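What you see below is based on every heavy atom in this structure, not just the backbone, and it leaves out hydrogens, waters and symmetry mates. No experiment lies behind these values; they were computed from the predicted model shown.
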Amino acid sequence: MTHAPVAVLGAFVAGIFIGERVRPEAIGVVLATCAICAAVAVLLRPSRRRFAVAMVSVALLGCALTQRAVHGLVDWPLASAVSDRADLVITASLLDDPEGTRFSTRVVARVERARPIGIESDGQWLDAGRRTILVTAEADAAPRLALLDAGDRVTLLGWLRPLEPYDQYLLWRHAVARFDAQELLGFDGPSAPSTRVANGLRSVVLDGTAVLPPTERALVAGFLLGDTRALPDDVLERFRAAGMSHLLAVSGANVAFTLGLVGPLLRRMPRTGRLLGTLTVLAVFGAMTRWEPSVTRACAMAACASIAVHLGRPARATRVLAVAVTALLVLDPFLLHSVGFQLSCGASVGIALLSAPITRRLRGPEWMRESLGITAAAQLGVAPVLLPVFGSMPLVALPANLLAVPIAGPLTVWGLGAGAVAGVARGVAPGIASIIQVPT
């Protein structure tokens with residue numbers, strides 16, 4: 001069936017919504033029913049009945065995976081320590097780049113071990129189940145923590161407590177508690193080689209932009225890597241008011257431009273090497289941009305498209321999108337609640353379905369019709385998300401994006417290449433780095 005991937009995605013999403021409303025204790029019954037439906041679908045002859053049974057199985061799978069994720073928010077080794085607000089020493093890996101000031105720093109981390117502090121403690125380390133927590137630090141620990149990068153491992157002294165009401169959105173990132181760090185006892189680099197490589201490349205690119213003025217440097221970091229931590233609030237608000245804040249969040253365009261940058265090298269490789277090289281570039285770039293929801297969707301789509309081409313079965317964009325999104329939701333059903341993920345998927349659907357019809361109906365030079373058609377299609381695609389979430393959609397977004405988006409491509413390609421070269425040259429000849437960044 002040509003629309004089977006879309007139907008599978010729809011069934012899985014329906015299962016996610018059901019799973020959020022069903023008691024987690026029912027997961028055994030749901031999984032058993034899912035297995036029975038899958039077995040029946042295999043035994044039936046190809047027909048609409050078989051397809052319907054298969055879709056029920058997919059929906060039940062989505063329900064079960066969501067129930068498991070919901071259950072993990074309350075059932076974990078340190079759940080009692082949260083309610084007791086226990087003093088602990090923890091070891092954790094940072095999932096994001098820390099964000100904050102010299103007085104306060106916040107970062108999402110994955111806690112690995114914990115050791116209770118107190119008279120009754122025996123000093124033994126406890127397995128924390130690798131759960132996600134929000135780490136906040138103040139006083140002396142804040143500026144030290146702010147210097148670290150995603151992937152770094154830390155040892156912190158502090159106390160565990162429930163999330164505040166204004167941090168409840170982090171539940172959709174699987175955060176189970178908040179840890180108020182009083183002291184950073186130690187830190188180390190990432191354990192995964194891929195993260196070390198990604199952090200090294202990210203550091204080189206950002207070092208190459210150090211010769212730029214602060215605001216321009218922050219803008220380039222946003223364009224290239226989605227890092228807007230140093231961007232002034234008023235500048236960020238201007239981008240939002242113009243409907244161009246998506247340019248400061250890494251998206252499918254950045255992934256395409258990055259693959260275009262390394263394309264000449266990949267094309268010289270044999271067929272299998274080209275596929276492996278493409279997947280490696282996607283993994284490294286995803287890690288460099290901290291796997292933001294939009295870039296995760298884009299990398300998954302690019303990986304699916306590359307595999308399809310390698311197998312000699314190129315697929316339409318809608319099929320690739322459906323397969324990629326389904327795979328991501330299988331890995332993390334909570335991703336469905338990410339606004340960034342919703343916007344990214346909406347823009348992709350709009351471009352896939354509407355850009356060609358809109359372009360055909362326009363008049364003028366081909367380059368202008370294509371740019372306007374893609375921009376208008378993307379804006380229509382994100383409208384169902386923007387309007388309910390933000391309450392409005394700026395009318396200036398269409399002409400503003402028509403002017404800005406064509407510049408974003410060359411800036412991304414040039415910025416990554418020039419940033420890497422300038423980052424290497426800066427330590428040897430700072431003047432050369434300044435010249436290299438003049439076009440930026």
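For the pair Val135 and Ala181, the tightest heavy-atom approach, listed with the atom from each and the gap, is CG1-CB, 4.3 Å. Between Asn401 and Gly243 the shortest heavy-atom distance is ND2-O, 3.1 Å. Between Gly417 and Leu261, the closest heavy-atom pair is N-CD2, 4.2 Å. Shortest non-hydrogen contact noted between Leu171 and Leu73 is O-CD2, 4.0 Å. The two residues Ser355 and Thr359 have their closest heavy-atom pair at O-OG1, 2.7 Å. Taking both residues in full, the closest heavy atoms of Pro5 and Thr326 are given as O-OG1, 4.4 Å, listed atom of the first, atom of the second, then distance.
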task = Any chance you could lay out the side chain to side chain contact (heavy atoms under 4.5 Å, CB included) test for Arg173 and Val108, step after step, and finish with the verdict?
result = CA-CA 9 Å; Arg173 292 195 60 185; Val108 176; 3.9 Å; yes
message = Before you tell me yes or no, could you show the steps for Cys299 and Trp291 under side chain to side chain contact (heavy atoms under 4.5 Å, CB included), namely the whole-Å CA-CA distance, both residues' side-chain angles and the distance that decides it to 0.1 Å?
response = CA-CA 9 Å; Cys299 286; Trp291 292 110; 4.1 Å; yes
message = Run the side chain to side chain contact (heavy atoms under 4.5 Å, CB included) test on Val339 and Phe390 for me, step by step, so that the C-alpha distance in whole Å, both residues' side-chain angles and the decisive distance to 0.1 Å come before the verdict.
response = CA-CA 10 Å; Val339 175; Phe390 299 105; 4.3 Å; yes
request  = Determine, step by step, whether Arg229 and Glu99 satisfy the salt bridge (Lys or Arg N to Asp or Glu O under 4.0 Å) criterion, reporting the C-alpha distance in whole Å, the side-chain angles of both residues, the deciding distance to 0.1 Å, and the verdict.
outcome  = CA-CA 7 Å; Arg229 290 176 297 167; Glu99 184 175 355; over 6 Å; no
task = Give the intermediate values and the outcome of side chain to side chain contact (heavy atoms under 4.5 Å, CB included) for residues Val82 and Trp76.
result = CA-CA 10 Å; Val82 176; Trp76 66 297; 3.4 Å; yes
query = Can Thr132 and Arg110 be said to form a side chain to side chain donor-acceptor pair (under 3.5 Å), step by step?
reply = CA-CA 4 Å; Thr132 301; Arg110 179 173 291 120; 4.6 Å; no
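The backbone N or O of Ala302 sits less than 3.5 Å from a side-chain atom of Ser306, completing a donor-acceptor pair. Remark: the backbone N or O of Gly62 is paired with a side-chain donor or acceptor of Thr66 at under 3.5 angstrom. The closest donor-acceptor contact from the side chain of Asp332 to the backbone of Phe334 lies under 3.5 Å. In this structure, the side chain of Ser57 engages the main chain of Cys34 through a donor-acceptor pair within 3.5 Å. The closest donor-acceptor contact from the side chain of Thr375 to the backbone of Leu372 lies at 3.5 Å or more, if one exists at all. Arg297 places no side-chain N or O within donor-acceptor distance of the main-chain N or O of Phe341, the cut-off being under 3.5 Å.
A distance of 11.5 Å separates OG of Ser338 from OH of Tyr169, quoted to the nearest 0.5 Å. In this structure, Phe179 CZ and Ile90 CD1 are separated by 4.0 Å, a value rounded to the nearest 0.5 Å. Distance check: Leu411 CG to Leu224 CG gives 6.0 Å after rounding to the nearest 0.5 Å. Taking CZ from Phe223 and CG from Leu247, the interatomic distance works out to 4.5 Å, rounded to the nearest 0.5 Å. Going from atom CD1 of Ile351 over to atom CG of Leu380 covers 11.0 Å, rounded to the nearest 0.5 Å. The line from CG of Leu321 to CZ of Arg316 is 12.0 Å long, rounded to the nearest 0.5 Å.
At a threshold of 4.5 Å between non-hydrogen side-chain atoms, the residues Leu60 and Cys37 count as touching. With a 4.5 Å cut-off on side-chain heavy atoms, Val8 and Met55 count as touching. Side-chain contact check for Cys345 versus Gln342: every heavy-atom pair is 4.5 Å or farther apart. Using a 4.5 Å cut-off on side-chain heavy atoms (C-beta onward), Leu335 and Trp172 make no contact. Residues Leu416 and Thr258 have side chains in contact (heavy-atom distance under 4.5 Å, counting atoms from C-beta outward). Using a 4.5 Å heavy-atom cutoff, the side chains of Val176 and Ile133 are in contact. Under the 4.5 Å side-chain criterion, counting only non-hydrogen atoms from C-beta, Ser93 is not in contact with Asp152. Between Arg106 and Leu134 there is a side-chain heavy-atom pair separated by less than 4.5 Å.
Of the listed residues (Asp149, Asp207, Asp97), just one forms a salt bridge (Lys or Arg N to Asp or Glu O under 4.0 Å) with Arg202, and that residue is Asp97. Checked options Val154, Val89, Thr91, Leu156; the residue passing with Leu185 is Val89 (criterion: side-chain contact (heavy atoms from CB on, under 4.5 Å)).
For the side chain to side chain donor-acceptor pair (under 3.5 Å) condition, the pairs that include at least one residue of residues 17-31, sequence neighbours left out, are Glu20-His337.
In the displayed structure, Asp234 atom CG is contacted under 6.0 Å by more than 12 heavy atoms of other residues, nucleotides or ligands. For CD of Gln168, the number of neighbouring non-hydrogen atoms (other residues, nucleotides, ligands) closer than 6.0 Å is greater than 12. Within a 6.0 Å radius of CZ in Arg196, other residues, nucleotides and ligands contribute more than 12 heavy atoms. For CZ of Arg153, the number of neighbouring non-hydrogen atoms (other residues, nucleotides, ligands) closer than 6.0 Å is greater than 12. Counting non-hydrogen atoms of neighbouring residues, nucleotides and ligands closer than 6.0 angstrom, the CG atom of Asp140 reaches no more than 12 such neighbours. The 12-atom threshold is exceeded at CG of Leu311, counting heavy atoms of other residues, nucleotides or ligands nearer than 6.0 Å.
Figure legend: Arg115 and Trp125 shown as a cation-pi pair, the cationic atom lying under 6.0 angstrom from the six-membered ring centre and within 45 degrees of its axis.
Salt bridge annotation for Arg113-Asp127: absent, with no cationic side-chain nitrogen under 4.0 angstrom from a carboxylate oxygen.
Between the side chains of Arg240 and Ser245, no donor N or O sits under 3.5 Å from an acceptor N or O.
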